[in-house]
J.: 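I have a structure I would like to understand better, so I am pasting it below and will then ask my questions one at a time.
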Amino acid sequence: MELSVVTVASLGLAGLCLTLIVRGAHKEAAVFISIVTSLLLLGFALRHIQSVFQIIASYIQSVSGGSFYFSILIKVMLTAYVADFTAQLCKDAGEASIASKVELAGKAVIFVIASPVVLSVMELISRLIEL
Amino acid sequence: MSFDVDIIFKIAAIGIIVAVLNQVLIRAGREDQAMMTTLAGILVVLFLIVQMIYEFFETVKAMFQF
């Protein structure tokens with residue numbers, strides 16, 4: 001599917017209409033359709049972003065040693081996307097408690113992934129102070 | 001399995017068919033079979049969804065290689 005906002009919008013609207021139609025007949029199917037629609041949309045977006053990130057990654061490796069931070073940046077971003085994706089789906093289905101727990105766990109994962117960066121900054125500051 | 005837009009319509013169709021079958025079976029007085037049909041419909045849709053989630057997570061994992 002070519003990358004354009006029309007594809008994204010039509011996919012979302014199709015999912016919305018079908019969810020409304022099926023909600024009357026079969027409640028679970030409505031939740032399934034919203035899950036599948038958001039899976040399609042996010043997968044569609046990620047597949048297209050992947051090629052751009054490959055270009056950026058190759059460029060950063062050649063220019064400077066910053067690829068360590070770049071990979072952390074991507075990991076944090078992806079974790080945030082997937083955690084938010086799951087949390088929103090849980091809220092849609094009416095399970096607000098599960099949604100909040102997923103968000104909390106997502107934040108914990110992001111914190112763990114980003115901790116090396118914080119530590120290196122702390123180390124830098126402490127070295128500066130000793131000067 | 002490459003997933004496209006038609007999968008949404010497939011799931012909607014399954015949902016509606018299961019609902020209609022459910023009503024028909026209930027009117028015919030076979031409540032237990034109606035429950036079985038609903039469960040079967042949900043299972044079929046779940047298989048599709050699990051496969052899609054697996055493929056989605058493969059894409060995410062591929063992006064974690066950076």
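All values reported here derive from a predicted model rather than from experimental measurement. The sequence lines fix the lettering, A, B, ..., with proteins before strands; numbering per chain opens at 1. All heavy atoms count here, side chains included; hydrogens, waters and symmetry mates do not.
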J.: Please classify the contact of B/Val18 with chain A as side chain, backbone, both or neither, using a heavy-atom distance under 4.5 Å.
T.: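 Side chain of B/Val18 only, per the 4.5 Å heavy-atom cut-off to chain A.
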
J.: Quick check on A/Leu39 against chain B: is it the side chain, the backbone, both or neither that has a heavy atom closer than 4.5 Å?
T.: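 Contact with chain B is through both the backbone and side chain of A/Leu39.
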
J.: Less than 4.5 Å apart, side chain to side chain, heavy atoms only: is that true for B/Ile42 and A/His26?
T.: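 Counting from C-beta outward, B/Ile42 and A/His26 do come under 4.5 Å.
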
J.: Please determine if A/Lys91 and A/Glu95 form a salt bridge, counting it only when a charged side-chain N lies under 4.0 Å from a carboxylate O.
T.: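 Looking at A/Lys91 and A/Glu95, the cut-off is not met.
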
J.: Under 4.5 Å from any heavy atom of chain B, what part of A/Ile74 do you find: side chain, backbone, both or neither?
T.: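 Only the side chain of A/Ile74 comes within 4.5 Å of chain B.
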
J.: Where on B/Phe57 is there a heavy atom nearer than 4.5 Å to chain A: the side chain, the backbone, both, or neither?
T.: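 For B/Phe57, the side chain is the part near chain A, not the backbone.
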
J.: Pick from B/Ile16, B/Thr38, B/Ile53: which one has the most heavy-atom pairs with chain A under 4.5 Å?
T.: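 Sorted descending by pairs with chain A, the first entry is B/Ile53.
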
J.: Output yes when A/Glu130 and A/Arg127 qualify as a salt bridge under the 4.0 Å nitrogen-oxygen rule, no when they do not.
T.: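 Salt bridge: no.
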
J.: Flag the pair B/Phe56 / A/Phe85 as yes when their ring centroid distance falls below 6.0 Å, and as no otherwise.
T.: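 Aromatic pair counts; centres sit under 6.0 Å.
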
J.: Do the side chains of A/Ile33 and B/Leu46 join up, straight or via other hydrophobic residues, at under 4.5 Å, putting them in one cluster?
T.: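 In one cluster: yes.
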
J.: Chain B heavy atoms under 4.5 Å from A/Gln50: which part of the residue, side chain, backbone, both or neither?
T.: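 Contact with chain B is through both the backbone and side chain of A/Gln50.
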
J.: Is there side-chain contact between A/Leu46 and A/Leu78, with heavy atoms separated by less than 4.5 Å?
T.: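 In short, these two side chains touch, coming nearer than 4.5 Å.
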
J.: Against chain B, label A/Ile72 side chain, backbone, both or neither, depending on which of its atoms sit under 4.5 Å from a heavy atom there.
T.: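 Contact with chain B is absent: no heavy atom of A/Ile72 under 4.5 Å.
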
